[in-house]
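Everything numeric in this text was worked out from a predicted model, so none of it was measured. Throughout, a chain's letter reflects where its sequence line sits, starting with A, and its residues are numbered from 1.
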Protein chains: 2
Amino acid sequence: MDRFPVIIPAAGQGKRMKNRVNKQFILLQGMPVIVHTLRIFQAAGVISDIVLVCAPGEEDYYRKEIISNYRITKPTVVVTGGKERQDSVYSGLSNISDDCRYVMVHDGARPLATAELVARVAEEVRITGAAVAGVPVKDTIKRTDPEGYITETLPRERLWNIQTPQAFELKMLKRAHLEARARGFYGTDDAALIERLGQPVKIVPGLYENIKLTTPEDLIIAEAILERRESR
Amino acid sequence: MDRFPVIIPAAGQGKRMKNRVNKQFILLQGMPVIVHTLRIFQAAGVISDIVLVCAPGEEDYYRKEIISNYRITKPTVVVTGGKERQDSVYSGLSNISDDCRYVMVHDGARPLATAELVARVAEEVRITGAAVAGVPVKDTIKRTDPEGYITETLPRERLWNIQTPQAFELKMLKRAHLEARARGFYGTDDAALIERLGQPVKIVPGLYENIKLTTPEDLIIAEAILERRESR
């Protein structure tokens, strides 16, 4: 079986969380957020190894208190990230050898993904070369001017909330990141960099539950979803 | 004090809920969804009366089992709705006399709004004539072609997830609905009909918690949010 690494950016400061602790270390059901995320990939047979990207100074904490303490046994390297999420993914990419055909990226702060979703995205990338999880937008989405007046209601047809995991041909993602850095372009996800190259990216049906922990109410939601899963 | 009615469309079948019971009657913390919603407006001092729009045949159930049984004492009329949400709001509007200056609309399936949010929207409509609750979009939003390939990543600046409550000058909303009906236009919310008239609509900061119950995972989330509120 080929190597198929996952890059997990986990350097974000989570300013919108109103919490001084790195949001990766907040406890969900008694276990740090990042451990939930790592266990998804520990369980996902298709993933061969993990590249965990952390904030400068947190490397040892991740190695000892997270990976070793919580017995993440899949080969895992901890690398130092950059200022923005995109810089961190780039750091991760720099640590992956070119003999890998594919690479996956998954937010450290999405602890509610599943090994099954990882498998679906991995399957699709082998067909299309670029595949990302997403769910149809439920809400009405509008744009405003700087004063908060509505300028546009977006037609909801074929509009998706994009999630991770996202998977790409390694060469393609490296090229996309180099290109974006050269031009000073920052995207909110990796697919955006690929799209700029004109490469097709396929959406794979994700899970509404697979939220990114961003604001304090997200923690309540995540606790509830985990509790429900356990009680099944 | 002027009359300020709220129209609550509650006729939706909730097909995405995978449940044969009308989603308004699903129990949250032991109480039907719609009762939670009605209690928000029972508590909101600014609202004078309630126009509850139900599916044909459900009128008596609402009157007896909901309004009377759960002691909704604010003046409430139950009217019969139409096929789409927009038709139901129109039914509600037809039951409001022209001496009201403003009207509010709130989804029956948004039981997590608060009286404080209702007050904020009511305050803003008195200034701008049209005000809707919304929260900044957190996710990356993309559009796909019919085959599921991404065609566009929407710039996230000033993009909002729109909620209810929404409030408008009554005359303006009536005109917007008549215009939409004449042209066969259906919008996903009332603001969309107003926007078509070229009228400015202002966004009022809503609450991330104020979700619309659409899919089964939303029920788990709503339960968790209510439990958390009670434990405060």
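B/Glu152 touches chain A through its backbone: at least one of N, CA, C or O sits under 4.5 Å from a heavy atom, while the side chain does not. For B/Lys212, no part lies under 4.5 angstrom from a heavy atom of chain A. For B/Ala191, the parts lying near chain A are the backbone and the side chain together; criterion is any non-hydrogen pair under 4.5 Å. Within the 4.5 angstrom heavy-atom criterion, only side-chain atoms of B/Val137, from C-beta onward, approach chain A. In this structure, chain A has no heavy atom under 4.5 Å from any part of B/Val204. Contact annotation for A/Asp218: only side-chain heavy atoms (C-beta onward) come within less than 4.5 Å of a heavy atom of chain B.
Chosen from A/Pro146, A/Ala130, A/Ala131, the residue pairing most often with chain B at heavy-atom distances under 4.5 Å is A/Pro146. Ranked by heavy-atom pairs shorter than 4.5 Å toward chain B, the options A/Ile203, A/Val201, A/Ile221 are led by A/Val201. For chain B, the option among A/Thr140, A/Thr128, A/Asp139 with the highest count of heavy-atom pairs below 4.5 Å is A/Thr140. Counting heavy-atom pairs closer than 4.5 Å to chain B, the top residue among A/Gly134, A/Pro200, A/Pro155, A/Ala222 is A/Pro155. Counting heavy-atom pairs under 4.5 Å between each of A/Glu223, A/Lys138, A/Glu147, A/Lys202 and chain B puts A/Lys202 at the top.
Although no hydrogens or angles enter the test, the distance criterion places no donor-acceptor pair under 3.5 Å between the side chain of B/Arg228 and the main chain of A/Glu217. Without hydrogens or angle criteria, A/Arg158 side chain to B/Ile150 main chain gives no donor-acceptor distance under 3.5 Å.
One distance of note links CG of B/Asn161 with CD1 of A/Ile141; it measures 4.0 Å at 0.5 Å rounding.
A/Ala224 approaches B/Ile220 most closely through the heavy-atom pair O-CG2, 3.8 Å. A pairwise comparison of heavy atoms in A/Leu154 and B/Leu159 identifies CD1-CD1, 3.8 Å as the closest pair.
Residue B/Glu179 qualifies as enclosed at atom CD: its count of foreign heavy atoms under 6.0 Å is above 12.
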